[in-house]
Novice: 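So that we are looking at the same thing, I have put the structure below in structure tokens.
Numbers restart at 1 for each chain; the letters A, B, ... are given by sequence-line order, proteins then strands.
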Number of protein chains: 2
Amino acid sequence: MDELNIIDISKSLSNPVRLNILNWLKEPESNFPPHETVKHFNDGVCASYIQEKTQLSQSTISTYLSMMEKCGLLISTRHGKWSYFKRNEEVLRCYREYFE
Amino acid sequence: MDELNIIDISKSLSNPVRLNILNWLKEPESNFPPHETVKHFNDGVCASYIQEKTQLSQSTISTYLSMMEKCGLLISTRHGKWSYFKRNEEVLRCYREYFE
DNA sequence: CAAACATATCGATAAATCTCGATATGTAGA
DNA sequence: TCTACATATCGAGATTTATCGATATGTTTG
């Protein structure tokens, strides 16, 4: 992992809401209600559930999720009209290893 | 390590100059000239050497080093009129573990 | 195709950060 | 105590980030 990515990941992690999102996604079952059309959390949690939990505006959360995806922290998957987001554990591992 | 500290550490790490400083301090011998009054790097590197290497102003680097110390990333030690800075490996370990 | 809905993008404004020069503080030595 | 020097702090302007409402895009279904 190169330095540019480390900077962008660190920027994502330097905001409490974004840090919360990353933490909530560790255990979607206990932090979010079940999805209606998808019966599992294999691809993570849909954006609207995350937005609802944060109490910030839809546009803000969409921007946050997008920047977290761009730097690699999250993986997004589109199912119909919903976008699901889950943690990218491999990128997180690389980020940790950078500081070893 | 609580969330507040994670935020402040992430902020420190989200600036390329500060990230460089942290990396340089991994190997002071190969990144800095020897000190004159102190014959080792046991307490890290003095602020003026770091400032010189970054090419930023003295006040900027002093602020950077201070914020990196406040969040725990660095340990500072005063020897006479010089302040030495070294990595705080324990805090770095806690930071890494937070994301496991 | 039209309506409904989830998400993304576009300005805009307020707040925070970056970075500096100027100045203050602390320390060593004449 | 006076000077020199290393570091810290202050105040300010430029840049970036946070966050919003409005609007655009994409998807499903009647």
Side-chain angles (χ1 to χ4, degrees), chain A residues 4 7-22 25 32-38 41 43-71 73-86, chain B residues 3-4 6-22 25 32-38 41 43-71 73-86:
Chain A
L4 279 184
I7 298 290
D8 285 341
I9 294 175
S10 299
K11 279 184 188 169
S12 282
L13 297 174
S14 69
N15 174 286
V17 173
R18 290 190 296 260
L19 187 60
N20 280 338
I21 292 172
L22 191 71
L25 291 179
F32 298 97
H35 292 123
E36 293 174 8
T37 53
V38 185
F41 290 103
D43 291 320
V45 179
C46 74
S48 49
Y49 280 6
I50 297 174
Q51 188 246 314
E52 191 178 7
K53 200 171 170 82
T54 61
Q55 299 280 47
L56 289 180
S57 75
Q58 183 267 326
S59 66
T60 297
I61 295 308
S62 177
T63 305
Y64 280 8
L65 292 173
S66 165
M67 83 182 276
M68 292 174 81
E69 192 213 347
K70 275 203 188 75
C71 74
L73 274 179
L74 300 183
I75 297 170
S76 83
T77 312
R78 186 113 192 187
H79 285 192
K81 53 185 172 180
W82 290 278
S83 281
Y84 295 80
F85 293 86
K86 67 175 172 184
Chain B
E3 184 178 301
L4 279 184
I6 297 291
I7 298 290
D8 284 342
I9 293 175
S10 299
K11 280 184 188 172
S12 283
L13 297 174
S14 69
N15 174 286
V17 173
R18 290 191 296 261
L19 188 60
N20 281 338
I21 292 172
L22 191 72
L25 292 179
F32 298 96
H35 292 122
E36 293 172 9
T37 54
V38 186
F41 289 105
D43 290 320
V45 179
C46 74
S48 49
Y49 281 5
I50 297 173
Q51 187 246 313
E52 190 178 7
K53 200 172 170 81
T54 60
Q55 298 281 49
L56 290 179
S57 76
Q58 183 267 325
S59 66
T60 297
I61 294 308
S62 177
T63 305
Y64 280 8
L65 293 173
S66 165
M67 83 180 276
M68 292 174 81
E69 191 213 348
K70 276 205 188 73
C71 74
L73 274 178
L74 299 183
I75 297 170
S76 83
T77 311
R78 187 114 192 185
H79 285 192
K81 53 185 173 180
W82 290 277
S83 281
Y84 295 80
F85 292 87
K86 67 176 174 183

Novice: May I have the step-by-step check of side chain to side chain contact (heavy atoms under 4.5 Å, CB included) for B/Leu25 and B/Phe32, ending in yes or no?
Specialist: CA-CA 9 Å; B/Leu25 292 179; B/Phe32 298 96; 4.2 Å; yes

Novice: At a heavy-atom distance below 4.0 Å, which nucleotide of DNA chain D is the first touched by chain A, and which is the last?
Specialist: D/dT17 to D/dT28

Novice: May I ask you to list the residues of residues 54-63 of chain B, by number, that have any heavy atom positioned under 4.0 Å from an atom of DNA chain C?
Specialist: B/Leu56, B/Ser57, B/Ser59, B/Thr60

Novice: How long is the line joining NZ of A/Lys11 and P of C/dT17, in whole Å?
Specialist: 13 Å

Novice: OP1 or OP2 of C/dA6 less than 4.0 angstrom from a side-chain nitrogen or oxygen of A/Arg78, does that happen here?
Specialist: no

Novice: Taking only residues two or more places apart in sequence, or in another chain, which ones meet B/Ser10 in a side chain to side chain donor-acceptor pair (under 3.5 Å)?
Specialist: B/Tyr95

Novice: Do B/His79 and B/Asp43 come within less than 4.5 Å of each other through their side chains, counting heavy atoms only?
Specialist: yes

Novice: Without decimals, in angstroms, what is the distance between B/His79 NE2 and C/dG26 P?
Specialist: 19 Å

Novice: Test of understanding: with side chain to side chain donor-acceptor pair (under 3.5 Å), list the residues that count as partners of B/Lys70, not counting sequence neighbours.
Specialist: B/Ser66

Novice: At their closest point, which heavy atom of A/Ser48 faces which heavy atom of A/Trp82, and how far apart are they?
Specialist: OG-CD1, 4.5 Å

Novice: Compile the donor-acceptor pairs under 3.5 Å between side chains in residues 11-22 of chain A and protein atoms, sequence neighbours left out, one pair per line.
Specialist:
| from | atom 1 | to | atom 2 | distance (Å) |
| --- | --- | --- | --- | --- |
| A/Ser14 | OG | A/Lys11 | O | 2.8 |
| A/Asn15 | OD1 | A/Val17 | N | 2.8 |
| A/Asn15 | OD1 | A/Arg18 | N | 3.1 |
| A/Asn15 | ND2 | A/Tyr64 | OH | 3.4 |
| A/Arg18 | NE | A/Ser12 | O | 2.9 |
| A/Arg18 | NH2 | A/Lys11 | O | 3.0 |
| A/Asn20 | ND2 | A/Pro16 | O | 3.4 |

Novice: Check this for me: B/Glu3, atom CD, are more than 12 non-hydrogen atoms of other residues, nucleotides or ligands nearer than 6.0 Å?
Specialist: yes

Novice: Would you call the rings of A/His35 and A/Tyr84 parallel, tilted or perpendicular, taking 30° and 60° as the class edges?
Specialist: perpendicular

Novice: From CD1 of B/Ile7 over to P of C/dT17, roughly how many Å is that when rounded to an integer?
Specialist: 11 Å

Novice: A/Lys81 has an atom NZ; how far is it from atom P of C/dA4, in whole Å?
Specialist: 12 Å

Novice: Taking CE from B/Met68 and P from C/dC18, how many angstroms apart are they, rounded to a whole number?
Specialist: 12 Å

Novice: Rounded to whole Å, how long is the line connecting atom CH2 of B/Trp82 with atom C1' of C/dG26?
Specialist: 13 Å

Novice: How many whole angstroms separate atom CD of A/Glu36 from atom P of C/dC5?
Specialist: 12 Å

Novice: Apply side chain to side chain donor-acceptor pair (under 3.5 Å) to B/Ser76 and list each qualifying residue two or more places apart in sequence or on a separate chain.
Specialist: B/Glu69

